[in-house]
Amino acid sequence: MRITLAVTLAAAAVPAQAVPVHKYDALVMSPAGDVVAAIESIDEPLAHGRIVVRSVAGGRVLRTIDPCAKCAYSDLMFGSTGDLAFLSRDRTAGTVALNVTDATVRVRTIATVRGIAQKPRFAPDGKRIAVLVTLDAAKEAGATEAGARQVGEIGEAPDQRRIAIFSIAGKVAPDAVRPISPAGRYVYEYDWTPDGRGFVATTALGNGDNNWWVATIDAIDAASGAVRQIARPATQANFPRVSPDGKTVAYIGGLMSDFGSVGGDLWTVPFAGGKPVNMTPGYKASVTSLVWLASGLRATTLAGADQAIVRFDPRKSGVVLWSGPASFAAGDARVAFSADGRTAATVVQDFEHAPAIYAGPLQAPRKLTNDNDALPAAVTARSVTWTNGGFSVQGWLLAPRGVDAAARAPMIVNVHGGPAAASTPTYIGGESVTADLARAGYYIFLPNPRGSYGQGEAFTLANRRDFGGGDLKDILAGIDAVKKVAPVDEDRLGMMGGSYGGFMSMWANTQTNRFKGIVAGAGLSNWISYYGTNGIDQWMLPFFGKSMYDDPKAYADVSAINFIKRARTPTFIYVGERDIEVPPTQSVEYWHALREMGVPTSLVIYADEGHRIRDAAHAADVRKRTVAWFDKYVKAAR
């Protein structure tokens, strides 16, 4: 079944900012498949979200849950008996409450955590809830968050994320929270075993930000906290899920450069321990999320332009149940399911249509919400495919609306981060740099070169020890493919990107003069100095094969700083002050070198920001500076 998105758009003259985007976060479905719940809000600074429960039959709002007007809600989860759990965070108090509500509509707080709480999971009997807790956290969880200030003796007491268990009939105060998983072991993801006696989890010792790339799959006893290693995967592992009979563990394994950016093959391993087996060798798609229901394995995949819901059977290849050129999102995975697996719900969007909840029979979910139907699209989108270096490559071309189709227009190439990631359909409207560029008359090209998800694991593996090599050639070939289908001006090309896309932007400046302006966000300019100064050096080992100390030439060969005398393109650079994934020193080094070479450049370091620019005023400043930079150096180039 193919997805068809159809909404009534407002007149093109209506400003995209006139109506804010209605957001649906943490979507979950009840075990019976009759209701869905999501945290609904508008996409504006300081907007307060509410938990909204809707009927699957017609989308009617059944109830709204909002017990704490000063709190931010997250992590919705239904239990087997129909209870709904959620977290409410009070940033002023520095606490997170674990709440439960049932058919009586009464909300009960069963535990309060001082620090961070994430990923609640009901036990199979519905009477207990496990939660990942980081007590007295020094920073937000995850390497993309702003790092703790590097003062005093550093690296001696990293945050620890551990499993705690609470009875839904009890009430636990902050000082009484006692994690059951052992200290010193960081838990990334987990799943209850069907008997409720323990968990299967991905864990690592030491610094959680840094060590996910060497995490193991472990069994953790729910009573004693004892840990037994099930497997040490040869790849990064996400979404550990236990079979209904408790005998097998499935997970997504592949070359992944960021925790939470998921893509790979489907793997299984006996719960008792053993060697993992790849169930999808040669699969021409990337598995992106996974659940194991009583009726079997269900996954989402990315295959070229299309995302899909897929049923997997160990004896057969995957069967596509629902697919299309759109993005899926839900709470625990990208799609939420009823207990019997017959009903599904997900938040669907594409470049031209804002998010909406779809729910219903698995192979034909229906559109439930219409809050965003009046939002206009800032672009028209098309998938573009081309071949290069023996690979089939895909990307997205976004055209600004209302431009003369015959006139040659400037184009910005926006390279995604990762590199193990992909540019996928996301609504372009409201306040985003892509929408701003489209309104300013630019085409935007979003390539998914080798190293990306969407073409299978061999494609993702293809840029190991080749950063900026084959992937840059893919991008340049993609520009040539775009020029065959759109009136793009070769003499007015720009490039931008963040993280790995920032590296590619810095690197391209030393490899080609094809671009007239560049914007590099949180980019890497010198892999040698980066290795010793970032907070996640373990991520590079799967890509480079060895540490920088063992193979410095491999790192030096792809460092833009070593080719800086070739750089000619004016470059705007920005980065967060407390970025631990790509420290601001990488941007300072590149900015300093460009100034030495006499290349026009500007550097902005945003106070207290991490790897992503989150503050609304800072994000608006980045957008404004980006468009102004391209207007000056790309649009005006002739």
Side-chain angles (χ1 to χ4, degrees), residues 26 28-37 51 53 62-63 65 67 73-88 95-113 117-133 135 161-182 187 189-201 218-227 240-247 249 271 291-295 331-333 336-341:
V28 291
M29 173 171 275
S30 64
D34 56 341
V35 300
V36 293
I51 300 169
V53 181
L62 302 176
R63 57 190 288 212
I65 304 168
Y73 304 121
S74 67
D75 297 88
L76 307 184
M77 180 62 61
F78 275 110
S80 58
T81 61
D83 290 338
L84 177 65
F86 63 94
L87 301 176
S88 55
T95 59
V96 180
L98 172 62
N99 311 285
V100 174
T101 180
D102 55 23
T104 67
V105 189
R106 183 169 62 98
V107 175
R108 296 182 294 108
T109 297
I110 65 172
T112 303
V113 176
Q118 296 165 305
K119 297 182 181 292
R121 300 278 189 271
F122 274 95
D125 62 7
K127 297 179 180 179
R128 293 169 295 158
I129 301 176
V131 183
L132 294 182
V133 299
L135 302 180
R161 190 159 75 168
R162 303 165 64 188
I163 299 175
I165 302 174
F166 306 99
S167 167
I168 66 168
K171 185 170 185 178
V172 179
D175 293 338
V177 174
R178 299 288 184 268
I180 62 98
S181 61
V187 179
E189 297 177 289
Y190 71 105
D191 191 24
W192 281 92
T193 56
D195 60 10
R197 296 181 179 179
F199 309 94
V200 168
D218 301 310
I220 301 176
D221 187 86
S224 67
V227 177
R241 298 294 182 259
V242 189
S243 61
D245 63 8
K247 295 180 179 180
V249 177
F271 176 73
V291 297
W292 205 330
L293 305 168
S295 55
D332 196 33
F337 295 91
S338 60
D340 62 12

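Predicted model only: the values in this text are computed from it and were never measured.
Distance alone, capped at 3.5 Å, is enough to place a donor-acceptor pair between the Arg178 side chain and the Asp175 backbone. Tyr73 places no side-chain N or O within 3.5 Å of a backbone atom of Ile65 that could act as its donor or acceptor partner. A donor-acceptor contact shorter than 3.5 Å links the side chain of Arg162 to the backbone of Ser181.
Using a 4.5 Å heavy-atom cutoff, the side chains of Pro179 and Leu135 are in contact. Contact check for Phe271 versus Thr193: side-chain heavy atoms found under the 4.5 Å cut-off.
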Would Val96 and Val133 satisfy side-chain contact (heavy atoms from CB on, under 4.5 Å), going step by step from the backbone distance to the final call? CA-CA 9 Å; Val96 180; Val133 299; over 6 Å; no
Set out, in order, the CA-CA distance, both residues' side-chain angles and the distance that settles side-chain contact (heavy atoms from CB on, under 4.5 Å) for Phe78 and Val35, then state yes or no. CA-CA 10 Å; Phe78 275 110; Val35 300; 4.0 Å; yes
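Distance check: Trp292 CH2 to Ser243 OG gives 4.5 Å after rounding to the nearest 0.5 Å. Ile163 contributes atom CD1, which lies 11.5 Å from atom NZ of Lys119 (distance to the nearest 0.5 angstrom). Here CE of Met29 is found 14.0 Å from CG of Asp332. Values are rounded to the nearest 0.5 Å. Leu76 CG to Asn99 CG: the interatomic distance, rounded to the nearest 0.5 Å, is 10.5 Å. One distance of note links OG1 of Thr101 with CD1 of Ile51; it measures 8.5 Å at 0.5 Å rounding. To the nearest 0.5 angstrom, Ser167 atom OG is 9.0 Å from Ile129 atom CD1.
For the side chain to side chain contact (heavy atoms under 4.5 Å, CB included) test with Leu98, the passing option among Ile168, Thr112, Asp75, Ile110 is Ile110; the others fail.
Note: Phe199 and Trp192 have tilted aromatic rings, judged against thresholds of 30 and 60 degrees for the angle between ring planes.
Scored by the salt bridge (charged side-chain N to carboxylate O under 4.0 Å, His left out) test, Asp218 finds Arg185 as partners (sequence neighbours excluded). Shown here are the salt bridge (charged side-chain N to carboxylate O under 4.0 Å, His left out) partners of Arg128, two or more places apart in sequence or in another chain: there are none. Every residue meeting the side chain to side chain donor-acceptor pair (under 3.5 Å) condition with Asp102, not counting sequence neighbours, appears here in chain and number order: Thr104.
Considering all non-hydrogen atoms of both residues, Gly341 and Leu293 come closest at CA-CD1, 3.5 Å. Minimum heavy-atom separation, Pro194 to Pro124: O-CG, 3.4 Å. Residue Pro31 comes nearest to Ser338 through the heavy atom pair O-CB, 3.5 Å, listed as atom of the first residue, atom of the second, then distance. Here the shortest heavy-atom pairing between Phe166 and Val172 reads CD2-CG2, 3.8 Å. Closest approach of Tyr190 and Val131 over heavy atoms only: OH-N, 3.7 Å. For Arg241 against Asp191, the heavy-atom pair with the smallest separation is CA-OD2, 3.5 Å.
The local environment of CZ in Arg63 is crowded, with over 12 non-hydrogen atoms from other residues, nucleotides or ligands closer than 6.0 Å.
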